[in-house]
Amino acid sequence: MKNILISDPTLRDGNHAVAHQLSAAQVAIYCQAADNALIPIVEVGHGNGLGASSLQVGESLETDVVLLETARKNLSKSKLGIHVIPGFATINRDLKRAIDIGVDVIRVASHCTEADITQRHLGYSRERGKETYGVLMMTHMASPELLVEEAQKMELYGAEGIIIMDSAGAFIPSDVTDRITALVEGLSIPVGFHGHNNLGMGIANSVAAIEAGALMLDGTAKGFGAGAGNAQIEVLVAVLEKMGYTTGIDLYKILDAADIAEQHIMPLVPIIRSESIVSGLSGVFSGFSKHVTRISKEYGVDQRDVYFELGRRKVVAGQEDLIIEVVLDLVKANKNATRTN
Amino acid sequence: MGKWLTEAIVLLNQKHNFNVKLYLLARNISEYREQVPHLANLPFIDLIEQDARNISNLPEDITYIIHAAGSPDSRKHISNPLKTIDIIYRGTHALLDACLRLPNLKKFVHISSNYVYGHQNDRTTNIKETEIGTADPNSVNAAYSEAKRMAETVCAVYRNQQKLPIVIVRPFAFIGPYQELEKPWAINNFIRDSILGGPIRILGNENTVRGYMYGSDMAFWLLKALAQGKTGAIYNVGSDQAITLKALSTKITLNFNNKIDVLVKSSKTYPLSPVVSVADTIHIRTDLQVKQIFDLESALKRTIDWYKQAEQPNY
């Protein structure tokens with residue numbers, strides 16, 4: 001029976017859903033529940049990962065140190081993971097400290113066409129003996145062939161596995177099948193998938209990934225995550241069991257953990273809102289949703305127009321400052337249209 | 001490779017009065033001085049800081065050259081593929097051009113690579129010098145192997161048209177002191193993982209077969225090729241003692257007192273038949289009467305002991 005390695009970024013991706021305001025107490029509560037459920041890897045941190053708290057992408061309620069130390073204290077069976085984007089996270093300031101706190105798993109991420117920037121972080125993590133993965137984000141923006149080339153770089157840099165993220169929730173299952181098949185063929189190391197639910201495909205895409213040969217999946221409690229949320233971990237575990245895969249996760253306890261998460265850490269259970277569908281269709285990073293909603297409202301423009309324009313400009317995570325530029329352009333265009341009429 | 005060769009020359013000079021004068025050319029001499037001050041400060045070693053691509057004149061008393069410019073680190077190849085090609089092609093071209101102005105050049109050894117053998121699909125025997133496999137040049141991964149192939153062609157041109165006394169060697173895999181454990185090769189990573197307490201991670205096919213030669217054997221074989229190699233000859237340099245990555249990891253764990261787990265991480269299920277990338281060394285053994293002094297067990301023990309004693313700051 002094939003085992004699937006499950007990572008749970010509820011306390012990292014979910015931080016996007018609350019503008020990075022998860023508290024230490026909430027982290028402690030969910031970590032205990034996740035640990036009881038025997039989730040293999042629990043990822044914790046700011047939504048954009050280690051060192052990302054900033055005015056540009058949003059300031060965290062808690063520092064990285066508080067988040068990681070709290071998680072470390074409350075995880076004994078599950079491994080503690082972090083999401084690391086070079087540029088946000090530096091080796092000397094952030095990564096060393098995180099490892100000293102006791103992080104077990106380090107996932108170094110880049111935009112899907114920028115794997116070159118991950119070399120030093122992947123290398124450092126391996127040098128320190130940590131379980132190390134490469135993550136390619138926004139993978140709807142690259143062809144399967146290009147993804148393989150970028151993933152091969154990460155493999156050479158020392159990654160023990162490659163996870164591709166559908167950061168915009170833009171994929172349908174055939175997109176996932178094409179990409180995972182190419183990666184499994186082109187790499188020696190295991191491949192994984194991280195799905196978002198903008199088009200309601202979180203679980204279906206994860207299943208497509210497994211059927212194409214992926215060995216790792218991400219899922220969050222009740223789908224708590226950016227935009228329309230992620231593949232729901234409790235559903236994922238149940239579906240995988242039904243399909244004959246093992247995860248090592250206790251079904252009853254993951255169901256309990258999801259309920260605890262709903263009760264204690266999420267103001268609202270994620271639903272697929274209209275803007276999330278548009279975000280998925282236009283291929284815009286799910287982490288943009290709160291910013292787009294706020295700025296569109298402030299300037300009185302239709303946020304669906306904002307998403308399509310951001311998608312046309314092919315913006316990526318970290319370019320949140322472009323949202324205001326797009327909104328102002330739309331305001332200007334609307335004014336001109338009014339004058340013409 | 002450069003440090004092992006230098007250590008061998010030092011031994012020949014200090015123990016056997018060979019009286020060799022050594023010019024060492026590198027792009028970053030201060031780094032070399034920092035890493036190996038006991039070599040850099042020796043009176044018979046002259047350090048020259050220069051990029052191989054910009055060489056025009058060499059000291060006229062040079063009689064033998066080993067051209068090893070270009071890193072075999074695959075991370076550099078994939079991050080800087082054009083620079084990789086440039087250093088190998090233009091470096092070889094410039095150096096051979098400079099050799100035309102040397103009045104007493106007796107031999108030039110070009111260090112190529114086993115990568116020139118390309119894909120050796122379904123191979124179950126060791127690779128002979130004549131067995132060039134297929135290659136896909138339309139890939140960013142091909143930068144190093146294709147550049148090395150081109151550099152061999154450049155050597156062939158200078159040998160044929162300018163009658164330079166060129167010998168080509170194709171190195172395989174080595175192990176020994178001075179190799180940085182973070183380099184992206186299985187044996188280095190297995191040793192590093194073990195020093196850190198494990199687990200060892202085998203990434204990909206555990207049945208992949210390699211051969212590992214100890215650094216001093218490699219240095220001696222290269223010097224033999226320099227002194228006695230036949231102009232126009234191509235020699236494999238490496239161990240023909242084949243071992244799977246799985247068996248290698250087990251052998252490494254035997255050098256440590258603590259229990260070290262071995263994990264296999266791969267994207268797919270591989271066939272049980274091994275994928276062989278091991279040198280056939282009959283040609284060099286016959287031509288130059290060389291043999292391997294250190295078997296894999298003693299090479300591993302010496303290497304691991306060196307790392308344990310060296311207290312490498314990074315590990």
Side-chain angles (χ1 to χ4, degrees), chain A residues 2-3 5 91 96 99 104-105 110 113-134 145-146 148-164 180-193 209 212-216, chain B residues 71-84 115 136 138-144 180-186 188-208 245 258 260-270 275 307 312-315:
Chain A
K2 202 183 267 186
N3 185 64
L5 178 64
I91 291 175
K96 274 183 183 167
I99 291 171
D104 304 299
V105 178
S110 76
T113 56
E114 310 292 337
D116 303 68
I117 67 165
T118 61
Q119 179 179 346
R120 288 187 62 246
H121 291 68
L122 285 168
Y124 181 75
S125 177
R126 287 297 306 274
E127 280 169 33
R128 294 289 302 267
K130 297 298 155 190
E131 196 173 326
T132 306
Y133 297 97
E145 295 76 18
L146 184 54
V148 171
E149 287 187 346
E150 295 301 304
Q152 284 173 340
K153 291 179 190 175
M154 288 178 157
E155 182 174 8
L156 283 171
Y157 299 157
E160 297 170 54
I162 303 293
I163 295 105
I164 61 167
I180 297 291
T181 302
L183 287 163
V184 169
E185 181 58 33
L187 300 175
S188 303
I189 50 179
V191 175
F193 179 73
L215 295 171
M216 301 178 287
Chain B
S71 167
D73 186 336
S74 49
R75 296 170 304 183
K76 291 182 180 171
H77 308 156
I78 202 150
S79 289
N80 293 296
L82 289 177
K83 189 176 175 188
T84 298
Y115 277 56
D136 175 10
N138 184 25
S139 162
V140 70
N141 282 319
Y144 183 70
E180 293 163 42
L181 293 183
E182 103 291 349
K183 293 284 184 192
W185 301 306
N188 299 43
N189 292 173
F190 293 176
I191 293 173
R192 180 199 57 204
D193 289 344
S194 302
I195 288 171
L196 290 168
I200 288 175
R201 283 93 136 187
I202 301 176
L203 304 180
N205 188 352
E206 63 186 321
N207 294 317
T208 298
L245 294 184
N258 51 317
I260 295 168
D261 293 327
V262 177
L263 303 177
V264 180
K265 295 190 167 189
S266 67
S267 61
K268 46 193 168 271
T269 308
Y270 292 94
V275 179
Y307 278 107
Q312 294 287 296
N314 290 334
Y315 305 108

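Proteins get letters first, then strands, A, B, ... in listed order; numbering begins at 1 in each.
Of the atoms belonging to Lys2(A), not a single heavy atom falls under 4.5 Å from chain B. Within the 4.5 angstrom heavy-atom criterion, atoms from both the backbone and the side chain of Ile189(A) approach chain B. Contacts between Gln119(A) and chain B at a heavy-atom distance below 4.5 Å involve the side chain alone, from C-beta outward. Of the two parts of Glu131(A), the backbone and the side chain both hold a non-hydrogen atom closer than 4.5 Å to a non-hydrogen atom of chain B. Of the two parts of Ala159(A), only the backbone, made up of N, CA, C and O, holds a non-hydrogen atom closer than 4.5 Å to a non-hydrogen atom of chain B. Using a 4.5 Å cut-off between heavy atoms, Asn141(B) touches chain A through its side chain atoms alone.
Each of Glu149(A), Glu145(A), Gln152(A) has some count of heavy-atom pairs under 4.5 Å with chain B, and the biggest count is that of Gln152(A). Among Gly158(A), Ala115(A), Ser188(A), the residue with the largest count of heavy-atom pairs under 4.5 Å with chain B is Ser188(A). With chain A as partner, the option from Pro199(B), Gly198(B), Ser79(B), Ser266(B) having the largest number of non-hydrogen pairs under 4.5 angstrom is Ser266(B).
In terms of modelled atom types and a separation under 3.5 Å, the side chain of Lys153(A) and the main chain of Arg75(B) share no donor-acceptor contact. Under the 3.5 Å distance criterion, the side-chain polar atoms of Ser267(B) are matched with a main-chain donor or acceptor of Val184(A).
Put simply, NZ on Lys265(B) and CG on Leu215(A) are 11.0 Å apart, with the number rounded to the nearest 0.5 Å. The distance from the CD1 atom of Ile202(B) to the CD atom of Glu160(A) is 12.0 Å, given to the nearest 0.5 Å.
Residue-environment remark: NZ (Lys83(B)) stays at or below the threshold of 12 foreign heavy atoms within 6.0 Å. Enclosure of atom CG in Asn258(B) by more than 12 non-hydrogen atoms of other residues, nucleotides or ligands within 6.0 angstrom is indicated. More than 12 heavy-atom neighbours from other residues, nucleotides or ligands sit within 6.0 angstrom of NZ on Lys130(A).
Nearest heavy atom pair, residue Leu156(A) against residue Pro184(B), reads O-CB, 3.6 Å.
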Determine whether Leu203(B) and Glu155(A) satisfy the following criterion, side chain to side chain contact (heavy atoms under 4.5 Å, CB included), listing intermediate values before the conclusion. CA-CA 9 Å; Leu203(B) 304 180; Glu155(A) 182 174 8; 5.7 Å; no

Under the criterion side chain to side chain contact (heavy atoms under 4.5 Å, CB included), I'd like the reasoning laid out for Glu127(A) against Leu196(B): C-alpha separation, chi angles, the key distance, then a yes or no. CA-CA 9 Å; Glu127(A) 280 169 33; Leu196(B) 290 168; over 6 Å; no

